[in-house]
Amino acid sequence: QVQLVESGGGLVQPGGSLRLSCAASGIIISAYAMGWYRQAPGQQRELVATITAGSSTNYADSVKGRFTISRDNAKNTVYLQMNSLEPEDTAVYYCKLARILVTYWGQGTQVTVSS
């Protein structure tokens with residue numbers, strides 16, 4: 001059974017940093033693209049960042065230069081380093097793995113940016 005478990009969320013002041021982790025089990029992530037998405041209250045889930053199996057990355061314009069996605073295939077884990085956080089970054093952050101015909105999501109981790 002494939003599971004994705006996010007961790008690392010919390011409350012942080014504007015300008016602060018957090019690192020999110022997405023640990024996978026039941027699947028070897030090295031062959032797959034992975035992504036981070038977020039959903040704020042009352043809004044649709046949106047793409048934050050993606051990383052291919054070859055570690056090419058892509059970012060939403062709103063996080064470019066502030067967030068970094070990375071992967072450690074030896075640990076079967078994907079990370080999202082978030083710097084210079086803004087109140088607009090407040091959301092539940094989800095990890096995603098897409099296979100042919102099947103998509104897996106984690107349960108999400110809450111990130112709140114507030115003074």
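- Checked by atom type and distance alone, the side chain of N73 never pairs as donor or acceptor with a backbone atom of N76 at under 3.5 Å.
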Give every donor-acceptor pair under 3.5 Å between a side-chain atom in residues 25-33 and any protein atom, sequence neighbours left out.
from, atom 1, to, atom 2, distance (Å)
Y32, OH, R99, NE, 3.4

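- Screening residues 35-80 for disulfide (SG to SG under 2.5 Å), with sequence neighbours left out, gives no hits.
- When the side chain to side chain donor-acceptor pair (under 3.5 Å) test is applied to T57, no partner is found at least two apart in sequence or on another chain.
- Side chains of I51 and W36 form no contact here, defined as non-hydrogen atoms less than 4.5 Å apart.
- Q110 places a side-chain heavy atom less than 4.5 Å from the side chain of T90.
- At a threshold of 4.5 Å between non-hydrogen side-chain atoms, the residues S62 and E88 do not count as touching.
- Sorted by first then second residue, the disulfide (SG to SG under 2.5 Å) pairs that include residues 34-67, not counting sequence neighbours, number zero.
- Here disulfide (SG to SG under 2.5 Å) pairs that include residues 26-69, with residues two or more places apart or in two chains, number zero.
- Take T68 and apply the side chain to side chain contact (heavy atoms under 4.5 Å, CB included) test, not counting sequence neighbours, and it matches Y59, Q81.
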All N/O donor-acceptor pairs, side-chain side in residues 3-14, below 3.5 Å, sequence neighbours left out:
from, atom 1, to, atom 2, distance (Å)
E6, OE1, Q107, N, 2.9
E6, OE1, G108, N, 2.9
E6, OE2, C95, N, 2.7
E6, OE2, G108, N, 3.4

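- Listed by chain and residue number, K96, T103 satisfy the side chain to side chain contact (heavy atoms under 4.5 Å, CB included) test with A98 (two or more places apart in sequence, or in another chain).
- Identified under the salt bridge (Lys or Arg N to Asp or Glu O under 4.0 Å) test for residues 22-42, with sequence neighbours left out: R38-E46, R38-D89.
- With sequence neighbours excluded, the residues forming a side chain to side chain donor-acceptor pair (under 3.5 Å) with S17 are N83, listed by chain and number.
- By the ring-ring contact (aromatic ring centres under 6.0 Å, His included) test, F67 pairs with no residue at all, sequence neighbours left out.
- Residues satisfying the side chain to side chain contact (heavy atoms under 4.5 Å, CB included) criterion with R45, sequence neighbours excluded, are Y37, Q39, Y94, W105.
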